[in-house]
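As the structure is a computational prediction, the values presented were derived from the model and not from experiment. Every heavy atom of this structure was used, including side-chain atoms; hydrogens, water molecules and symmetry mates were not. Counting starts at 1 for both ligands and their atoms, in listed order.
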Amino acid sequence: MEYEVLKELAKEAGVIFREGFKKSKSITFKSDIDLVTQYDLQIELFLKERLSVAFPEYTLVGEETSENITYPDRAIYIDPIDGTTNFIHGIPFCAISIGIWEDARPVAGVVYNPILDELFYAEAGKGATLNDERIHVTDTDTLKNSLIATGFPYTKVDRGQDLEWVLQTMALILPETRDVRRLGSAAMDLCYVAKGTFDGYYEINLKPWDVSAGILVLLEAGGKVSRVDGQMYTLDENILVATNGIVHEVLVEMMAGEHRFD
Ligand code: IPD
Ligand code: CA
Ligand code: CA
C-alpha cells in the first residue's frame, strides 16, 4: 500500500490552510467555545475527495462532515485543522492531521503544520520523520526534568467531571515537573513529544481525529502511549497519556494520585 501519498495530500491541503490563516474568517459556533471556520470545512472536503480516490476501501471519518464517530476495520481519521482556536487567533501552532488505522492499529499518519512548515510522517515499523529527517523522543528519566504538555477539553464549560479531572490532575503534576504547557493542538503535542521537545503529554476527552496520526508518529519515534491506568490506548478511550517511554510509569502513577481528592 502506498501510504506516502498522505504527505502530498497534506501539503496540497496546506495551501488552503496557509491562505486561510492570514485572512479574516467566518466563524460558526459548534458550542460557545468550540469554533469552526470555512477553512476547516474546505480542507476536510478537499481531503475527503482526494482520499476517497487514493484509498477507496477505507471509511473516512472527518471531524466536520462525518455524522458519527465510527471505528471500522479500515479507517482514515481526518482533522482538517487541529488547533482551530489557535488558527483563528493567529497562533501558528495548528495542523492538518490524517491517520490511517487498520484492525484497530495505526498504520500510517501525517501531521502537517503549514505555517511552521513542519511535516511529521510515520508508517508502522518504518520510523518517524519531521520534514524527512528521522526524529526520536528524549531520554529524560525524571519528572523533575520533564516538560509536559496537556490540553483542556471543550467540556470544561459544563463545570462537571472533566473540569474536575483537569484541575485535580494539574494540581498533582505541575509541582512535580519542570513545567506544563498548553499549546492548543493535540496532534502537534504528540509530535512534539516524538521530536523530543516535550517529554510527555496527557489529555482528557480527545477524539480519534485529534490523535490518530500523532500516536503513530510518537510510537515510531520510540515513545509510549497508554490509557490513564497504563493499559493499551484505543481510539474510543477518554484519557490519553503519552511519553518518551522512560517517564511513562511514573507519570501514570502520579496521575492515579488524583483519587486522594475524592
Ligand atoms: C482541539 C485541540 C486542542 C485540544 C482539544 C481538541 P480542534 O482540537 O487539539 O489542543 O485541547 O481537546 O479538541 O477542536 O482544534 O480540532
Ligand atoms: Ca482536533
Ligand atoms: Ca479540528
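Among protein heavy atoms, atom 13 (O) of ligand 1 sits closest to Tyr154 CE1, 3.4 Å. At the top of the distance list for atom 6 (C) of ligand 1, counting protein heavy atoms only, stands Asp210 OD1, 4.0 Å. The protein non-hydrogen atom at the shortest distance from atom 1 (C) of ligand 1 is Asp82 OD1, 3.8 Å. Taking atom 5 (C) of ligand 1 as the reference point, the nearest protein heavy-atom neighbour is Glu203 OE2, 3.4 Å.
Side-chain contact check for Asn131 versus Tyr112: every heavy-atom pair is 4.5 Å or farther apart. Using a 4.5 Å cut-off on side-chain heavy atoms (C-beta onward), Leu190 and Val193 make no contact. With a 4.5 Å cut-off on side-chain heavy atoms, Pro114 and Ile96 count as touching.
Side-chain contact of Asp32 with Tyr154: a donor-acceptor pair under 3.5 Å is absent, judged by distance alone.
Contact check on Asp158 versus Lys156 returns no salt bridge, with no Lys/Arg side-chain nitrogen under 4.0 Å from an Asp/Glu carboxylate oxygen. Note on Glu12 versus Arg50: salt bridge recorded, some NZ/NE/NH1/NH2 to OD/OE distance being below 4.0 Å. By the 4.0 Å N-to-carboxylate-O rule, Asp132 lies close enough to Lys7 to be salt-bridged with it. The existence of a salt bridge linking Asp103 and Arg105 is excluded, since no basic side-chain nitrogen approaches an acidic carboxylate oxygen closer than 4.0 Å.
With sequence neighbours excluded, no residue forms a side-chain hydrogen bond (donor to acceptor under 3.5 Å, both in side chains) with Thr59.
For Arg182, every heavy-atom contact with ligand 1 shorter than 4.0 Å involves the side chain, none the backbone. At a heavy-atom distance under 4.0 Å, only backbone atoms of Ile81 (N, CA, C or O) approach ligand 1.
At least one heavy atom of Glu63 sits closer than 4.0 Å to an atom of ligand 1.
The distance from ligand 1 to the heavy atoms of Asp79 drops below 4.0 Å at these ligand atoms: 16 (O).
Residue-to-ligand polar distances place Ala186 within reach of ligand 1: an N/O pair is separated by less than 3.5 Å. Here's the thing with Asn205: none of its N/O atoms is less than 3.5 angstrom from an N/O atom of ligand 1. Where the criterion is an N or O separation shorter than 3.5 Å, residue side chain and backbone included, Ser185 meets it with respect to ligand 1. The N/O atoms of Gly83, backbone and side chain alike, include one that comes under 3.5 Å of an N/O atom in ligand 1. An N or O contact shorter than 3.5 Å is missing between Asp189 and ligand 1 by distance. Not a single N or O atom of Pro153, backbone or side chain, sits closer than 3.5 Å to an N or O atom of ligand 1.
Relative to atom 10 (O) of ligand 1, the option among Gly214, Gly184, Ala149 with the closest non-hydrogen atom is Gly184.
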* Given Tyr192 and Glu118, is the side-chain hydrogen bond (donor to acceptor under 3.5 Å, both in side chains) satisfied, shown in steps? -> CA-CA 11 Å; Tyr192 271 39; Glu118 289 183 335; 2.7 Å; yes
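Protein contacts to the Ca ion (ligand 2) involving N, O or S atoms at a distance below 3.0 Å are Asp79 OD2, Asp82 OD1, Asp210 OD1.
Geometric assessment of Lys25 against the ring of Phe87 yields a positive cation-pi assignment under the 6.0 Å and 45° thresholds.
Residues Leu219 and Leu251 are members of separate hydrophobic clusters, defined by side-chain heavy-atom contacts under 4.5 angstrom among Ile, Leu, Val, Met, Phe, Trp and Tyr. Under the 4.5 Å side-chain heavy-atom criterion for grouping Ile, Leu, Val, Met, Phe, Trp and Tyr, Ile173 is not connected to Val225 through any hydrophobic cluster.
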